[in-house]
*Asks:* 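Let me give you the structure first, and then I'll get to my questions.
Numbers here are sequence positions counted from 1.
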Amino acid sequence: MEIWGLRLVTFMANLIILISFIWLYVWIEQTKRQSFIVHHRNATLISLTAAFLLFFHVDSLLNIANAGHPVGYGWTFLNFQLITMLYALLSTRTRSMTIAMMLIGGSWFIWMMDWHQAWWVIFPMILTVVAHRFARPLTMKRWLYYPFGFLFAIPAYVANYQALDGIDVGWPFLLGGYLLLEFVLWETNWQFNSRVLNDRQLKKEAAIDSLTGLLNFGQFDKDLQAAFERYQDHNELYSLYTFDVDHFKAINDEFGHLSGNEVLKAVAKHLQQLSGTWEYRAKVYRTGGEEFSILLFDVVESYQRATEISQQLRHELNGLEFRFDDQCLHLTISLGQDRATADDKNYLDLYRRRCVLVYF
C-alpha cells in the first residue's frame with residue numbers, strides 16, 4: 001500500500017515538473033527578447049529536453065534506491081521520459097531535434113537490453129522519424145495522436161519488460177498513467193497553441209488598417225524603429241516613400257465619403273501590386289487619412305534607382321481614373337522620398353525629413 005501511495009505522489013510531483021517543462025519549452029520557442037536564445041533556439045530546446053530526460057532518469061534511479069528497490073517502481077518515470085520526448089518531437093519538428101531524440105532514445109535502448117537484442121532499437125528509430133514526418137496531423141487530430149502516442153511507447157515498454165525479466169509492473173496503473181499524460185500533453189499544448197494563434201490574430205488585426213487592408217501607422221512606427229536599429233547596428237540601409245492623395249478633402253466633400261473610401265482602397269490595391277515588383281523587400285502602410293507610406297529594406301544606395309521608383313509610383317497612381325456621379329476623376333499624388341543617413345539621431349528623423357522635402 002505504501003509503495004502505491006508513493007508511486008501516486010511521485011506521479012503527481014513529476015506531472016507538475018512536466019507541465020513546467022512544457023511552459024519553459026513554449027517560452028523558449030516564442031521569446032524574441034533573449035538574443036542568445038534567438039540565435040541558438042534549436043540548440044537550447046534540445047539541451048532543455050535532454051536535461052529533463054536526464055532529470056527523470058536520475059530521479060528514477062534515486063527513488064528506486066530510496067524505496068528499497070521495489071519491483072516495477074521505476075516504470076513511473078518511464079512514462080514521463082516518453083512524453084517528454086514525444087512533446088519535443090511534435091513541437092519542434094526540426095531535423096536536429098529528431099536526430100538528438102534518436103541518439104538519446106537509441107542509447108537508452110542499448111543500455112537497457114543485451115547486445116544481441118540491440119536490433120530492437122530499429123523500432124523506436126522508425127517511430128521517431130514518423131513523429132517528425134507527420135507531426136502536424138498528429139498534433140491536429142486526436143484520433144491520430146492518442147493511438148500514435150501508445151505506439152510510440154510500446155518499444156520502450158517491451159525493452160524495459162524484457163530487461164527486468166517480465167516482472168509485474170502494475171499495468172493498469174502504468175497504462176492509465178500514460179493515457180493521463182497524453183491527455184495533459186494534448187490539452188496543455190492545445191491551450192498554448194490556441195493562445196498563441198489568438199495573440200497572433202489580435203496583433204495582426206491591431207496592425208491592419210480596416211479600410212484598405214494595409215498596415216497602419218502603429219505598425220509603421222514599429223517597423224521604422226526596427227529598421228533604424230538595424231541600420232545603426234548592421235548598416236542595413238532603408239528608404240521611405242510617402243505621398244498624399246491630392247485634394248482628397250474635395251473628393252469627400254463633392255462625392256461623399258463612400259467615394260473617398262473607394263479611392264483609398266484602389267490606391268492601396270495598386271500599391272500592394274506595385275511593391276511586389278521591386279527587387280527590395282517592401283512594406284506598405286496607410287499612415288494617415290489620405291497619406292500612404294512605403295518602407296524599402298536593405299536597399300542599395302542609388303539615386304537613379306530611387307528616382308525610377310518614385311517616377312513609377314507617380315505614373316501608376318496618377319493614371320488612376322474614377323467615375324462618380326457621371327464625372328471622371330483623375331487622381332494625382334504629392335510624393336516625397338528619402339533614405340536613412342548617418343546623421344539621423346532618431347528613427348523619426350527620416351519621417352520628419354521627408355515632410356519638408358520638395359514634393360513632386
*Asks:* Run the side-chain contact (heavy atoms from CB on, under 4.5 Å) check on M97 and T49 step by step: do they pass?
*Replies:* CA-CA 9 Å; M97 176 62 80; T49 305; 3.9 Å; yes
*Asks:* The test is side-chain contact (heavy atoms from CB on, under 4.5 Å); show your working for T94 and L45 and say whether it passes.
*Replies:* CA-CA 11 Å; T94 61; L45 290 172; over 6 Å; no
*Asks:* Whether the side chain of N216 engages the backbone of Q219 through a donor-acceptor N/O pair (distance < 3.5 Å, no angle test) should be reported.
*Replies:* yes
*Asks:* Would you say the side chain of L240 lies within less than 4.5 Å of the side chain of I294, judging by non-hydrogen atoms?
*Replies:* no
*Asks:* Going by atom types only, do Y285 and D209 share a side-chain donor-acceptor pair under 3.5 Å?
*Replies:* no
*Asks:* Is there a path from L181 to I19 through hydrophobic residues (I, L, V, M, F, W, Y) whose side chains come within less than 4.5 Å of each other?
*Replies:* yes
*Asks:* With F56, which of F77, F80, F21 fulfils ring pair (Phe, Tyr, Trp, His ring centres under 6.0 Å)?
*Replies:* F80
*Asks:* Do L138 and I154 belong together in a cluster built from hydrophobic side chains that touch within less than 4.5 Å?
*Replies:* yes
*Asks:* Quick one, D344 with Y231, criterion side-chain hydrogen bond (donor to acceptor under 3.5 Å, both in side chains). Give me CA distance, side-chain angles, the key distance, then yes/no.
*Replies:* CA-CA 10 Å; D344 290 341; Y231 177 63; over 6 Å; no
*Asks:* Could you pull out the closest heavy-atom pair between A268 and T212, with the gap in Å?
*Replies:* CB-CB, 3.6 Å
*Asks:* What closest approach, in Å, do Y178 and G149 show between heavy atoms, and which atom pair accounts for it?
*Replies:* OH-O, 2.7 Å
*Asks:* Using atom types as modelled and distance alone, determine if a side-chain donor or acceptor of H315 lies under 3.5 Å from a backbone N or O of Q311.
*Replies:* no
*Asks:* Within the distance-only criterion (no hydrogens, no angle test), does the side chain of D338 pair as donor or acceptor with the backbone N or O of L350 below 3.5 angstrom?
*Replies:* no
*Asks:* So L89 and T98, do their side chains get closer than 4.5 Å, heavy atoms only?
*Replies:* yes
*Asks:* After noting the C-alpha distance and the side-chain angles of D223 and L215, does the key distance pass the side-chain contact (heavy atoms from CB on, under 4.5 Å) rule?
*Replies:* CA-CA 10 Å; D223 290 343; L215 298 169; 4.3 Å; yes
*Asks:* Can you tell me how far apart CG (N252) and CG (L264) are? Round to the nearest 0.5 Å.
*Replies:* 7.5 Å
*Asks:* Within the supplied structure, the quantity of interest is the number of heavy atoms (other residues, nucleotides, ligands) at a distance under 6.0 Å from W23 CH2; does it exceed 12?
*Replies:* no
*Asks:* Could you point out which residue of N318, D246, V263 forms a side-chain contact (heavy atoms from CB on, under 4.5 Å) with L331?
*Replies:* V263
*Asks:* Answer whether the closest heavy-atom distance between the side chains of Q273 and E316 falls below 4.5 Å.
*Replies:* no
*Asks:* Side-chain heavy atoms under 4.5 angstrom apart, residues restricted to Ile, Leu, Val, Met, Phe, Trp, Tyr: same cluster for L179 and Y87?
*Replies:* yes
*Asks:* Could you check whether E187 pairs with R142 (Lys NZ or Arg NE/NH1/NH2 to Asp/Glu carboxylate O, under 4.0 Å)?
*Replies:* yes
*Asks:* State the CD-CG distance between E291 and D244, to the nearest 0.5 angstrom.
*Replies:* 5.0 Å
*Asks:* Donor-acceptor pair, R314 side chain versus I333 backbone, under 3.5 Å?
*Replies:* no
*Asks:* Please check this pair: side chain of Y157 against backbone of L175, looking for a donor-acceptor N/O pair closer than 3.5 Å.
*Replies:* no
*Asks:* For F297 together with Y238, are the ring centres under 6.0 Å from each other?
*Replies:* no
*Asks:* State the CZ-OG1 distance between F243 and T287, to the nearest 0.5 angstrom.
*Replies:* 9.0 Å
*Asks:* State plainly whether the residues D349 and K345 are in salt-bridge range, i.e. N to O under 4.0 Å.
*Replies:* no
*Asks:* Apply the test side-chain hydrogen bond (donor to acceptor under 3.5 Å, both in side chains) to residues T139 and R93: give CA-CA distance (whole Å), side-chain angles for both, the deciding distance (0.1 Å), then the verdict.
*Replies:* CA-CA 11 Å; T139 55; R93 306 173 188 175; 3.0 Å; yes
*Asks:* Can V130 and F148 be said to form a side-chain contact (heavy atoms from CB on, under 4.5 Å), step by step?
*Replies:* CA-CA 10 Å; V130 171; F148 179 80; 3.6 Å; yes
*Asks:* Do other residues, nucleotides or ligands put more than 12 heavy atoms under 6.0 Å from the CZ atom of F183?
*Replies:* no
*Asks:* Please check if the number of heavy atoms outside E301 that lie under 6.0 Å from its CD is greater than 12.
*Replies:* no
*Asks:* Which atom pair, heavy atoms only, marks the closest approach of T31 to V38?
*Replies:* O-CG2, 3.8 Å
*Asks:* Just to verify, what does F248 make a ring pair (Phe, Tyr, Trp, His ring centres under 6.0 Å) with, not counting sequence neighbours?
*Replies:* none
*Asks:* Minimum heavy-atom separation for Q34 to W27, with atom names?
*Replies:* CG-CH2, 3.7 Å
*Asks:* Where does the angle between the aromatic ring planes of F173 and F11 fall among parallel (under 30°), tilted (30 to 60°) and perpendicular (over 60°)?
*Replies:* perpendicular
*Asks:* Testing the basics here: between P155 and F109, what is the closest heavy-atom pair and its distance to 0.1 Å?
*Replies:* O-CE2, 3.3 Å
*Asks:* Taking the side chain as every heavy atom from C-beta outward, state whether R281 and D298 have any pair of such atoms under 4.5 Å apart.
*Replies:* no
*Asks:* Tell me whether R286 contacts the main-chain N or O of G289 through its side chain, where contact means a donor paired with an acceptor under 3.5 Å.
*Replies:* yes
*Asks:* I'd like to know if W186 and W143 are part of one continuous hydrophobic network [Ile/Leu/Val/Met/Phe/Trp/Tyr, side-chain heavy atoms within less than 4.5 Å].
*Replies:* yes
*Asks:* Would you say H234's side chain and R230's backbone share a donor-acceptor pair under 3.5 angstrom?
*Replies:* no
*Asks:* Side chains of V300 and E279: closer than 4.5 Å at any heavy-atom pair?
*Replies:* no
*Asks:* What distance do L86 atom CG and N79 atom CG have between them, rounded to the nearest 0.5 Å?
*Replies:* 11.5 Å
*Asks:* Please examine the side chains of R305 and V299, heavy atoms only from C-beta on, and report whether any two atoms are closer than 4.5 Å.
*Replies:* no
*Asks:* About how many Å separate OH of Y303 and CD of Q337, when rounded to the nearest 0.5 Å?
*Replies:* 9.0 Å
*Asks:* Which heavy-atom pair separates L82 from F152 by the least distance, and what is that distance?
*Replies:* O-CE2, 3.8 Å
*Asks:* Would a distance-only check, ignoring hydrogens and angles, find a side-chain to backbone donor-acceptor pair under 3.5 Å from Y145 to E182?
*Replies:* yes
*Asks:* For a quick check under 3.5 Å, do Q81 and W108 share a side-chain donor-acceptor pair by atom type?
*Replies:* no
*Asks:* Are any non-hydrogen side-chain atoms of H270 and L320 less than 4.5 angstrom apart?
*Replies:* yes
*Asks:* For atom NE2 of H57, is the number of surrounding heavy atoms from other residues, nucleotides or ligands below 6.0 Å larger than 12?
*Replies:* yes
*Asks:* Report yes if some heavy atom in the side chain of F52 is under 4.5 Å from a heavy atom in the side chain of L18; otherwise report no.
*Replies:* no
*Asks:* Let me confirm one number: the CD-CG distance from Q272 to L214, rounded to the nearest 0.5 Å.
*Replies:* 5.0 Å
*Asks:* Could you check, using the six-membered ring where one of them is a Trp, whether F217 and F220 have ring centers closer than 6.0 angstrom?
*Replies:* yes
*Asks:* Any chain of hydrophobic side-chain contacts (each under 4.5 Å) joining M12 to L185?
*Replies:* yes
